[in-house]
Protein chains: 2
Amino acid sequence: MTETPLAENIANQLRRDILRGKLRPGAPIKERDNAAEMGVSRTPMREAIRILAKEGLVNLRPSRSPLVAEPSLKEVMDAIDVLTALEVLSGKLACRNATEADLEDIRSIHAHMARIYDDADSLDLFEVDMSFHRAIARASHNALLAESHQAYLARLWRVRYLTASLRHNRARVLNQHGAILEGLHQRDVDKVTAGIGLQLEGLAQSVTQVV
Amino acid sequence: MTETPLAENIANQLRRDILRGKLRPGAPIKERDNAAEMGVSRTPMREAIRILAKEGLVNLRPSRSPLVAEPSLKEVMDAIDVLTALEVLSGKLACRNATEADLEDIRSIHAHMARIYDDADSLDLFEVDMSFHRAIARASHNALLAESHQAYLARLWRVRYLTASLRHNRARVLNQHGAILEGLHQRDVDKVTAGIGLQLEGLAQSVTQVV
DNA sequence: ATTTTGTATGTTGTATACAAAATTAAGGGC
DNA sequence: GCCCTTAATTTTGTATACAACATACAAAAT
């Protein structure tokens, strides 16, 4: 999993540029230009692009410039299906394996989110929401699962970001987080998985409105 | 997803070498040596190694030689958990989305396996078994799911290969394939997911014996 | 006018050269 | 003999140079 640091940094930068919309979906990423712009050579830039390609944020075409991915509605829905399966599994395993420290971690994220939820800008709130879900995946104590889960979260970053600005979703999300947290505390698998399912169903619904 | 052809070829070659045991788990992969051996330069070899790293067959360490992965028992079990979730989802979706052609495809693979199952060598049989499961994932008509599923299958290739030689497993596997196929035909989600669950439980059990 | 082909340009693919880091080996002190 | 320090070697990280391929445009032929 560890990568060479420079390529990793470039990948992080590129990822931000893509997700924040500086690089638009469908736009070509020219190695030389982008490398020059960041003051590095093509080699690490190539590696960075490959990293993002594996994450699904970039599409590679042989001998042609890679393109920023523009997922179709179906692709987004498909990704949500997979993410749901992964997160439900996370929830199940977390009920079994989560330590008290894990729960405390999740709880504090939830508290933080509740504290800022009505006046934070959507980006900040969104970051916190992401970390809540990642914390659950971590609490499964299955590193592979956490990694795959995170990959799908990243893939859905952009649509999630777009839907996060739908203000009426906020209260619902927060309530569901509370229910999930409660379920984890009681080690109640059904409650947790139900909460996760509902939440991602909500995401799917929001997506159809935004796209 | 498309990669530059040379790197892809090298990755395929390397993957075979790893899975067949020519490159032992824990062994370092030196870019220069391996590249020279295959008659290519370091650059595409590096890319190939990165590809395998994303598949989990190779572990990258900054500024040190990459190592052929040697997954612990826990890691294998974790991977099986995730694979199960992905394959169960595949089964569910396949019940809904599989076309008649998809089912025919799966059926013919099953028939082929039944035909060769008592005298084929374990490697051939194993390849067929893999393709059966991949066909189910494809029948879900969720490309991302199929891709992730395949990635986890690849990650488990080696242990699966080792357990495939346990001859007493063969009949059980074949029967379960039959049950899954029947369930798909009847669009019976419970039957399919139960079959898949059983099968992968069996794998988990075999693994504990082999490792 | 349309299609085809040739050429020019730009971009990726591969190889190699150089720099930095890590490993190994050697040497000196205890 | 053992350990620490240090030099030599090996190996990866990065940059750059060159080759192959693709695209765009222009000119010529149908």
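Proteins come first, then strands; the chains are lettered A, B, ... in the order of their sequence lines, and each starts at number 1. The figures here come from the full heavy-atom set of this structure, side chains too, leaving out hydrogens, waters and symmetry mates.
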Take the protein atom [atom1] of [X] and the nucleotide atom [atom2] of [N], then report the distance between them rounded to whole Å.
X	N	atom1	atom2	answer
B:K30	D:dT9	NZ	P	16 Å
A:L67	D:dA22	CG	C1'	14 Å
B:L6	D:dA20	CG	P	14 Å
A:E3	D:dT12	CD	C1'	13 Å
B:I10	C:dG13	CD1	P	13 Å
B:E8	C:dT14	CD	C1'	16 Å
A:M38	D:dT14	CE	P	14 Å
A:E31	D:dA17	CD	P	16 Å

Choosing from D:dA15, D:dT10, D:dG13, which nucleotide comes nearest the side chain of B:R32?
->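 Side chain of B:R32 sits closest to D:dT10.
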Which nucleotide, D:dG13, C:dT16, C:dT11, lies nearest any side-chain atom of B:S41?
-> C:dT16
Who are the side-chain contact (heavy atoms from CB on, under 4.5 Å) partners of B:R96, not counting sequence neighbours?
->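 Residues passing side-chain contact (heavy atoms from CB on, under 4.5 Å) with B:R96: B:L93.
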Identify whether any heavy atom of [X] sits under 4.0 Å from a base atom; if not, whether one sits that close to sugar-phosphate; answer base, sugar-phosphate or nothing.
X	answer
B:I29	sugar-phosphate
A:I49	nothing
A:T43	base

Using the side chain to side chain donor-acceptor pair (under 3.5 Å) rule, take A:D17 and A:Q13 through it: C-alpha gap first, then chi angles, then the decisive distance, then the call.
-> CA-CA 6 Å; A:D17 289 349; A:Q13 180 62 44; 3.3 Å; yes
With a 3.5 angstrom cut-off on both distances, give the Watson-Crick or G-U wobble partner of D:dA28, or none if there isn't one.
-> C:dT3
What is the pairing partner of D:dC2, taking Watson-Crick or G-U wobble pairs with both distances under 3.5 Å in any strand?
->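 D:dC2 is paired with C:dG29.
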So, A:H141 and A:D102: side-chain donor and acceptor under 3.5 Å apart, yes or no?
->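 There is such a pair (donor and acceptor under 3.5 Å, judged by atom type) between the side chains of A:H141 and A:D102.
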Under 3.5 Å side-chain donor-acceptor pair for B:D129 and B:H177 = yes
Whichever of B:S63 and A:S63 has its nearest DNA chain D nucleotide further upstream toward 5' | B:S63
Quick one: on DNA chain C, does B:R42 or B:E47 contact a more 5' nucleotide (nearest heavy atom)?
->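 Nearest nucleotide further toward 5': that of B:E47.
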Hey, is the side chain of [X] poking within less than 4.0 Å of OP1 or OP2 on [N], counting only N and O atoms?
X	N	answer
B:R64	D:dT12	no
B:R46	D:dG13	yes
A:S65	C:dT12	yes

Identify the residue among B:R155, B:R158, B:R15, B:R50 that makes a salt bridge (Lys or Arg N to Asp or Glu O under 4.0 Å) with B:E55.
->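 Option passing the salt bridge (Lys or Arg N to Asp or Glu O under 4.0 Å) with B:E55: B:R15.
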